[in-house]
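Structure record follows, encoded as structure tokens.
Chain naming here is simple, since letters A, B, ... match the order of the sequence lines and numbering starts at 1 in each.
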Amino acid sequence: MPIYALVDCNNFFVSCERAFDPSLKDKPVAVLSNNDGCIVARSQEVKDMNVPMGVPYFQWRALCQKNDVKVMSSNYHLYSDMSKRVMKILADFCPELEVYSIDEAFLDLTAFAAHTNIREFCNKLRMAVLQWTGIPISIGVASTKTLAKLANHIAKKKTSSGVYIMPSPQDSSELLSHLPVEEIWGVGHRMGKRLREEYGVFTVKGLRDSDPHQIRRGFSVVGERIVYELRGISCLTLEEMDEPSKTIVASRSFGKAVTLRQELEESVAWHVTRAAERLRKQGAKAGGLYVMLRAGQIGKASYDSRYISLLPATFDTSTMIAKAKQAVREMYKEGVHYKKSGVCLYDIMPQSQTQGDMLLPEWEDTPKRVTVNRLVDDVNRIMGDDSLVYAATGTKRDWRMSCSLRSPRYTTHWNEILTV
DNA sequence: TCTGGGGTCCTAGGACCC
DNA sequence: TCTGGGGTCCTAGGACCC
């Protein structure tokens, strides 16, 4: 029987901030999303105030101020650097590892079980990560990934040790009969509602004991798989390979409404630049480009978008900027208050892959373009992001988002620390 | 007037995740 | 007045083919 562990960093963004600013310890801390829009991380003190995850900050600002919550903008440079450090330690302890998100990883402990006490192993791992990075973690252990997720949830909520090892399915019935069905990994808002209203399933145990065929009819193979995973039958395996992305998205809300076509074009050129950089980083080229604009508030927003075929597939920033700007010119309407723009690269393939169609126009990624792109990437890697930019991205960039409450990028931008 | 059956591929959209 | 950003997987339905 396989043994999976899910390691999850507690209140990750908050813990990162606290690791570098001890004055935040034991104080209520909340971290906001890009553009200071939503609350995306909360310290335990803030959770205890019943501030939910992912809610618009402006609706909770008064409560936060009243309770003296330290509210911070996101500092993704810091979080991703800290994430790498944590994952490195996990990999040293257990090479069979799947980095699932910025603050989570699955470990396959099956091979350890024969000669290692799993609980002791988990305790050591927690101590190591805490001592070497300052980040507290929780660990859930079970025989499937879905159950390990649940075990982690229990480790966080119901243990003081931060480690929970789930007993066999029979022995965990009592516990699972108290957990709402929405706690399951893969059961979201919609599925939870339908399970309750149409199937009379309210708890984890309820879904575990449902008829897999009936669940499949209502929720496809995805639902059926969850039932089996809950029964301890492993359907999901560790995905250790660092697979290249199938799509690359770059998008941002504007700091203020944008009405000028030129600013819109600049913002899209900027997103293309970032997306293409990531594309080249994974040694790939894209066969398509999607450009999206949003106007108006969420809920009553209007969207417009264009799919653009890139043939032959390319990784060249200027080629993509030209096409993306053309799309913006087609969509632009005077007087509209635009709130967000974004691009998505799709049909991504390795650069080595050749086109099947020999009748295509001449190869676009000429040696000169290859050189220019590589130069830009090298300069930005060595000198820091945005040292070399395309003129099409503009110089003023008034549309950029606000992040006035951001902490210094302690681990990646030493100049910011010196100017604190 | 009558109008098969089976298969593949592609895409848009939905649901979910953190 | 103010609601993030970046992903994955699955399915239905249409186009197309024989």
### Task
Please say which of A:Arg126, A:Lys149, A:Lys156 ends up in a salt bridge (charged side-chain N to carboxylate O under 4.0 Å, His left out) with A:Asp8.
A:Lys156
### Message
Please classify the nucleic acid contact of A:Arg278 as base, sugar-phosphate, or nothing, using heavy-atom distances under 4.0 Å.
### Response
sugar-phosphate
Table please: side-chain donor-acceptor pairs of residues 49-66 of chain A below 3.5 Å, with sequence neighbours left out.
none

### Query
Do A:Ser101 and A:Asp103 have side-chain N/O donor and acceptor atoms under 3.5 Å apart?
yes
### Query
Does the side chain of A:Asn152 pick up a donor-acceptor pair with the side chain of A:Ser138 at under 3.5 Å?
no
### Query
Using the C1' atom in both, what is the distance from C:dC16 to B:dG4, to the nearest Å?
16 Å
## Note on the structure
Taking Watson-Crick and G-U wobble contacts under 3.5 angstrom, with | marking pairs to another strand and [ ] crossing pairs, the secondary structure of DNA chain B is written ....||||||||||||||
### Message
Applying a 4.0 Å non-hydrogen cut-off, can you work out what A:Ile226 is touching in the nucleic acid: base, sugar-phosphate, or nothing?
### Response
nothing
### Task
Tell me what A:Ile248 touches on the nucleic acid: a base, only sugar-phosphate, or nothing, going by heavy atoms under 4.0 Å.
sugar-phosphate
### Message
Side chains of A:Ser173 and A:Arg208: any donor to acceptor distance under 3.5 Å?
### Response
yes
### Query
Quick one: do A:Glu98 and A:Lys145 make a salt bridge, cutoff under 4.0 Å?
yes
### Query
Does a donor on one side chain sit under 3.5 Å from an acceptor on the other, for A:Tyr79 and A:Glu17?
yes
### Message
Using a 4.0 Å heavy-atom cut-off, does A:Tyr100 contact any base of the nucleic acid, only the sugar-phosphate backbone, or nothing at all?
### Response
sugar-phosphate
### Task
Flag the pair A:Leu289 / A:Arg306 as yes when at least one side-chain heavy-atom distance between them is below 4.5 Å, and no otherwise.
no
### Query
On DNA chain C, nearest-nucleotide positions of A:Val249 versus A:Lys339: which is more 5'?
A:Lys339
### Task
Using the closest heavy atom to pick a nucleotide of DNA chain C for each, name whichever of A:Pro56 or A:Arg225 lands nearer the 5' end.
A:Pro56
### Task
Please list, in 5' to 3' order, the outermost nucleotides of DNA chain B lying under 4.0 Å from any heavy atom of chain A.
B:dA12 to B:dC18
### Query
Are a donor atom and an acceptor atom from the side chains of A:Ser341 and A:His271 found within less than 3.5 Å of each other?
yes
### Message
Considering every strand and a 4.0 Å limit on heavy-atom distances, what is the contact class for A:Lys149: base, sugar-phosphate, or nothing?
### Response
sugar-phosphate
### Query
Just checking A:Ser245: base, sugar-phosphate only, or nothing, at a heavy-atom cut-off of under 4.0 Å?
sugar-phosphate
### Message
Over all strands shown, is A:Val187 touching base, sugar-phosphate only, or nothing at heavy-atom distances under 4.0 angstrom?
### Response
sugar-phosphate
